[in-house]
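So the structure is just underneath, and the comments pick up after that.
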Amino acid sequence: MKRNVTLKELVGRTIICALLLVCYYWTWARRDWQDYYDVIQNMIVTFAILFFALQAGRIHKYRKEEKNEQAIQILRRADAIGLKIMVAAAIPIAFASAAAAIDGRTAGYALVGTIFALTVIRFILFCVMSRNER
């Protein structure tokens with residue numbers, strides 16, 4: 001694969017990282033136990049190791065390439081919007097946990113779900129903003 005590494009590719013990669021986080025949290029936070037859960041947990045860990053090993057080469061290649069400053073500025077704007085969304089989502093989760101409306105496990109699911117949703121929103125925002133800048 002000789003093509004250049006784009007910032008869009010690196011931003012999209014975070015969706016897979018967030019999905020791995022959600023899956024791995026599920027392996028730790030579940031209450032029941034089935035025999036096949038070990039297989040699922042091992043598959044998640046194996047996939048994560050392979051995925052990060054393959055992505056390390058792409059990231060290393062990206063660092064050597066010339067940077068697209070306009071894309072970096074667009075990503076910073078998308079990150080600023082994402083930060084506001086995360087704060088708006090974390091506050092109700094924190095207060096619901098403090099008021100004992102939800103337990104720790106549910107708050108954890110809400111947080112990792114928010115992280116996953118935020119990475120998808122960040123990717124969509126980046127794509128839309130970069131398309132509008134052309």
Side-chain angles (χ1 to χ4, degrees):
M1 190 182 309
K2 297 289 182 187
R3 66 182 173 86
N4 289 340
V5 180
T6 63
L7 193 56
K8 187 180 206 179
E9 175 187 343
L10 296 178
V11 172
R13 171 186 63 89
T14 60
I15 293 173
I16 297 173
C17 295
L19 184 61
L20 287 170
L21 174 70
V22 170
C23 291
Y24 203 69
Y25 181 79
W26 173 79
T27 65
W28 280 73
R30 61 185 178 261
R31 290 185 183 199
D32 63 339
W33 184 258
Q34 303 293 329
D35 293 334
Y36 61 90
Y37 285 173
D38 278 334
V39 174
I40 293 172
Q41 189 169 5
N42 291 334
M43 286 174 34
I44 292 169
V45 170
T46 303
F47 177 78
I49 291 169
L50 291 173
F51 177 74
F52 289 127
L54 292 173
Q55 288 300 310
R58 299 293 290 165
I59 292 169
H60 181 70
K61 183 178 178 185
Y62 175 76
R63 290 189 179 158
K64 290 183 177 181
E65 294 175 356
E66 187 177 325
K67 305 292 186 268
N68 182 350
E69 293 299 324
Q70 184 178 6
I72 292 171
Q73 291 299 326
I74 292 169
L75 181 60
R76 287 183 182 148
R77 280 189 268 154
D79 285 344
I81 293 168
L83 176 64
K84 292 172 182 140
I85 293 170
M86 186 64 188
V87 168
I91 290 171
I93 295 169
F95 279 106
S97 294
I102 59 175
D103 63 346
R105 178 176 285 117
T106 307
Y109 277 119
L111 286 174
V112 296
T114 303
I115 291 169
F116 178 72
L118 187 61
T119 58
V120 172
I121 291 168
R122 178 183 182 227
F123 181 72
I124 293 169
L125 280 172
F126 179 76
C127 291
V128 168
M129 285 198 247
S130 63
R131 187 175 311 139
N132 290 340
E133 290 293 323
R134 290 182 195 170

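Note that the numbering runs from 1 along the sequence shown for the chain.
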Inset, instruction - Drop me the distance from T119's OG1 to R13's CZ, to the nearest 0.5 angstrom. - result: 11.5 Å
Inset, instruction - Quick one: pull up CG in L118 and OG1 in T14 and give me the separation to the nearest 0.5 Å. - result: 9.0 Å
Inset, instruction - Determine, using the 4.5 Å side-chain heavy-atom cutoff (strictly less than), whether I16 and L50 are members of one ILVMFWY cluster. - result: no
Legend entry - Separation between CD1 of I115 and CG of L19, rounded to the nearest 0.5 Å: 12.5 Å
Inset, instruction - Would you mind reporting whether I15 and R122 have side-chain heavy atoms less than 4.5 Å apart? - result: no
Inset, instruction - Measure across F126 and A78 and return the closest heavy-atom pair with its distance rounded to 0.1 Å. - result: N-CB, 4.3 Å
Inset, instruction - Apply side-chain contact (heavy atoms from CB on, under 4.5 Å) to A107 and list each qualifying residue two or more places apart in sequence or on a separate chain. - result: I93, S97, I102
Inset, instruction - Please answer: with hydrophobic residues joined when any side-chain heavy atoms are less than 4.5 Å apart, are L54 and F52 in the same cluster? - result: no
Legend entry - Minimum side-chain heavy-atom gap K8-F123 below 4.5 Å: yes
Legend entry - CZ-CG distance between F51 and L20, expressed to the nearest 0.5 angstrom: 7.0 Å
Legend entry - Spacing of Q70 atom CD and M129 atom CE [to the nearest 0.5 Å]: 12.0 Å
Please report, to 0.1 Å, the donor-acceptor pairs under 3.5 Å made by any side chain of residues 38-48, with sequence neighbours excluded.
residue, atom, partner, partner atom, Å
N42, ND2, D38, O, 3.2
T46, OG1, N42, O, 2.8

Legend entry - Check against side chain to side chain contact (heavy atoms under 4.5 Å, CB included), F116 and V120: CA-CA 6 Å; F116 178 72; V120 172; 4.1 Å; yes
Inset, instruction - Kindly determine whether D32 and Y37 satisfy side chain to side chain contact (heavy atoms under 4.5 Å, CB included), including the steps that lead there. - result: CA-CA 10 Å; D32 63 339; Y37 285 173; 3.2 Å; yes
Inset, instruction - Working to the nearest 0.5 Å, report the span between CG of L125 and CD1 of I81. - result: 5.0 Å
Legend entry - Pairing residues for I91 by the side-chain contact (heavy atoms from CB on, under 4.5 Å) criterion, not counting sequence neighbours: V87, F95
